[in-house]
Amino acid sequence: MDIAAVRSHLLALQATIVDALEREGGDAFIVDRWQREPGGRLEGDGVSRLVEGGTLLERGGCGFSHVRGPALPAAATQHRGADLAGAPFEALGVSLVFHPKNPYVPTAHMNVRMLAALPPGRDAVVWFGGGFDLTPYYGFEEDAVHFHRSARDALAPFGADKYPRFKAWCDDYFFLKHRNEPRGIGGIFFDDFAEGGFANGFALMKAVGDAFLPAYLPIVRRRRDLAYGEREREFQCYRRGRYVEFNLVFDRGTLFGLQSGGRVESILMSMPPVVTWRYDWQPAPGSPEARLYSDFLRPRDWLGEATASPPAAPPR
């Protein structure tokens, strides 16, 4: 177990992603370095990078954290067995959420992390997790196919089973059970991953993190200059409400951070800046908004389907 190597990689990954988005949008991210001193519920440090009100991103956050604590919270042990509950732990990762200004550019999320449980008198138990997923407001088949192809190619060196397995896991995980509705078009998600030992888990985590920019930036470039109006903006804000609901009710990373006494501002910087809820609202039949529900917000085999139809034109 080489925690120093994981830390070094994650800091470099954060810098690479933020630098790329700064070049793409032309707006600088602020840098907020923080530290938790020994003696509290958590100790450790991190770097939160954030942009608000930018040309490309209305809000975008990319955070690195490395924390240690005396007892694993419930969110980290629910799939690992009761024998690790309450064990000291060390956790580090990079997490990002980008909420673009243009409703035709999807919201994107990526997270890669390592967690080590350190039960007294026993060897450390280490596992990795993460993935990336896409939440469009107006769907385009070519974007969905590109995003999923990038995910498949990143996982290919680790076995042909990984993409279909992690895609299904993502479809199941990013699902709002109280609404019976997916959050977006999915991507890949994995957790509690320890197959092949530390080296294999670390390599897989690196491959996922490195694949995010090639998966997302081509979509940004295709959609960022599409014209939009009040209708598209209202729908974007309405759909962002689903994002908030998922993060606060189901997201394991958010729950882990809050349960372990993490830094609230860093944990919640994934929230969109402007959100609306409307009572029992339904999109007009046949509208582009309705097409998001009928054609995109359902599990699909994006790489196996023969999508001969051209991409949908923006509604004007």
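All of these numbers come straight from a predicted model, not from anything done at the bench.
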[X] [atom1] to [Y] [atom2] distance, which is reported to the nearest 0.5 Å:
{"X": "C170", "Y": "H148", "atom1": "SG", "atom2": "NE2", "result": "7.0 Å"}
{"X": "T276", "Y": "R233", "atom1": "OG1", "atom2": "CZ", "result": "9.0 Å"}
{"X": "D192", "Y": "L115", "atom1": "CG", "atom2": "CG", "result": "9.0 Å"}
{"X": "T135", "Y": "Y137", "atom1": "OG1", "atom2": "OH", "result": "6.5 Å"}
{"X": "M114", "Y": "D2", "atom1": "CE", "atom2": "CG", "result": "9.5 Å"}
{"X": "W169", "Y": "F193", "atom1": "CH2", "atom2": "CZ", "result": "9.0 Å"}

Taking C-beta and beyond as the side chain, do [X] and [Y] meet within less than 4.5 Å on heavy atoms?
{"X": "T55", "Y": "K101", "result": "no"}
{"X": "F64", "Y": "C62", "result": "no"}
{"X": "E181", "Y": "Y293", "result": "yes"}
{"X": "R113", "Y": "D191", "result": "yes"}
{"X": "H66", "Y": "L10", "result": "no"}
{"X": "L155", "Y": "V208", "result": "yes"}
{"X": "L13", "Y": "M110", "result": "yes"}
{"X": "P272", "Y": "V244", "result": "yes"}

Test your reading of the model: is there a side-chain donor-acceptor pair from [X] to the backbone of [Y], 3.5 Å cut-off?
{"X": "D32", "Y": "S48", "result": "no"}
{"X": "T16", "Y": "A12", "result": "yes"}
{"X": "R224", "Y": "V105", "result": "no"}
{"X": "R291", "Y": "S287", "result": "no"}
{"X": "R300", "Y": "E305", "result": "no"}

Hey, quick one: are [X] and [Y] part of the same hydrophobic cluster, counting side-chain heavy atoms closer than 4.5 Å, chains of contacts allowed?
{"X": "V274", "Y": "Y228", "answer": "no"}
{"X": "V145", "Y": "F166", "answer": "yes"}
{"X": "F29", "Y": "I17", "answer": "yes"}
{"X": "V112", "Y": "V97", "answer": "no"}

Is the shortest distance from a Lys or Arg side-chain nitrogen in [X] or [Y] to a carboxylate oxygen in the other one below 4.0 Å?
{"X": "R7", "Y": "E90", "result": "no"}
{"X": "R221", "Y": "E24", "result": "yes"}
{"X": "D153", "Y": "R149", "result": "no"}
{"X": "R68", "Y": "D45", "result": "no"}
{"X": "R165", "Y": "E195", "result": "yes"}
{"X": "E142", "Y": "R223", "result": "yes"}

Measure across [X] and [Y] and return the closest heavy-atom pair with its distance rounded to 0.1 Å.
{"X": "A20", "Y": "L213", "value": "CB-CD1, 3.7 Å"}
{"X": "W34", "Y": "V47", "value": "NE1-N, 3.8 Å"}
{"X": "L57", "Y": "L21", "value": "CD1-CD1, 4.0 Å"}
{"X": "A290", "Y": "A284", "value": "CB-O, 3.4 Å"}
{"X": "A194", "Y": "V126", "value": "CB-O, 3.6 Å"}
{"X": "L56", "Y": "G25", "value": "CB-CA, 3.8 Å"}

Are [X] and [Y] close enough that their ring centers fall under 6.0 Å?
{"X": "Y238", "Y": "W277", "value": "no"}
{"X": "W127", "Y": "F190", "value": "no"}
{"X": "F98", "Y": "H109", "value": "no"}

Practice problem: Run the numbers on E43 and R36 for salt bridge (charged side-chain N to carboxylate O under 4.0 Å, His left out), then give the verdict. | Solution: CA-CA 5 Å; E43 62 180 75; R36 286 292 187 92; over 6 Å; no
Exercise. List the steps, then state whether side chain to side chain contact (heavy atoms under 4.5 Å, CB included) holds for E22 with R49.
Key: CA-CA 11 Å; E22 287 182 334; R49 305 286 303 272; 3.7 Å; yes
Exercise. Evaluate side chain to side chain contact (heavy atoms under 4.5 Å, CB included) for F147 paired with W302, printing each intermediate quantity in order.
Key: CA-CA 9 Å; F147 195 78; W302 292 104; over 6 Å; no
Practice problem: Could I get the full list of ring-ring contact (aromatic ring centres under 6.0 Å, His included) partners for F158, not counting sequence neighbours? | Solution: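 ring-ring contact (aromatic ring centres under 6.0 Å, His included) check on F158 returns nothing, list empty.
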Quiz prompt | Set of residues satisfying ring-ring contact (aromatic ring centres under 6.0 Å, His included) with respect to F198, sequence neighbours excluded | solution =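 Scan of F198 (ring-ring contact (aromatic ring centres under 6.0 Å, His included), adjacent residues dropped) gives F128, F202.
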Practice problem: Could you go through the side chain to side chain contact (heavy atoms under 4.5 Å, CB included) check for R222 and H146 one step at a time? | Solution: CA-CA 12 Å; R222 280 197 291 265; H146 166 78; 4.0 Å; yes
Self-check item: Trace of the side chain to side chain contact (heavy atoms under 4.5 Å, CB included) decision for N102 with Q236
Solution: CA-CA 9 Å; N102 190 317; Q236 178 194 45; over 6 Å; no
Practice problem: Kindly indicate whether a cation-pi arrangement holds for R152 with Y163, taking the cut-offs as under 6.0 Å to the six-membered ring centre and within 45° of the axis. | Solution: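 No cation-pi geometry.
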Quiz item: Should we say atom CD of E230 is surrounded by more than 12 heavy atoms from elsewhere, each under 6.0 Å from it?
Solution: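 Open: at most 12 neighbouring heavy atoms sit under 6.0 Å from CD of E230.
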Exercise. Determine whether more than 12 heavy atoms belonging to other residues, nucleotides or ligands lie under 6.0 Å from atom CZ of R278.
Key: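 Correct, the count exceeds 12.
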Under 3.5 Å, which donor-acceptor pairs link side chains of residues 172-179 to any protein atom two or more places apart or in another chain?
unit_1 : atom_1 : unit_2 : atom_2 : d
Y173   : OH     : R252   : N      : 2.7
H178   : NE2    : E245   : OE1    : 2.8
R179   : NE     : E245   : OE1    : 2.7
R179   : NE     : E245   : OE2    : 3.4
R179   : NH2    : E245   : OE2    : 2.8

Quiz prompt | Full working for salt bridge (charged side-chain N to carboxylate O under 4.0 Å, His left out) between R23 and D19 | solution = CA-CA 6 Å; R23 291 193 301 270; D19 289 349; 5.1 Å; no
Quiz item: Among side-chain atoms of S150 and Y216, is any donor-acceptor pair under 3.5 angstrom?
Solution: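 No, no side-chain donor-acceptor contact under 3.5 Å.
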Quiz item: Judged by modelled atom types alone, do R183 and N247 share a side-chain donor-acceptor pair under 3.5 Å?
Solution: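 Yes, N247 and R183 have a side-chain donor paired with an acceptor closer than 3.5 Å.
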Practice problem: Could you give me the CA-CA distance, side-chain angles and deciding distance for Y243 and S270, then say whether side chain to side chain donor-acceptor pair (under 3.5 Å) is met? | Solution: CA-CA 9 Å; Y243 211 92; S270 63; over 6 Å; no
Exercise. Go through the steps to decide whether Y138 and F235 satisfy the test ring pair (Phe, Tyr, Trp, His ring centres under 6.0 Å), and finish with yes or no.
Key: CA-CA 9 Å; Y138 291 90; F235 186 60; 5.5 Å; yes
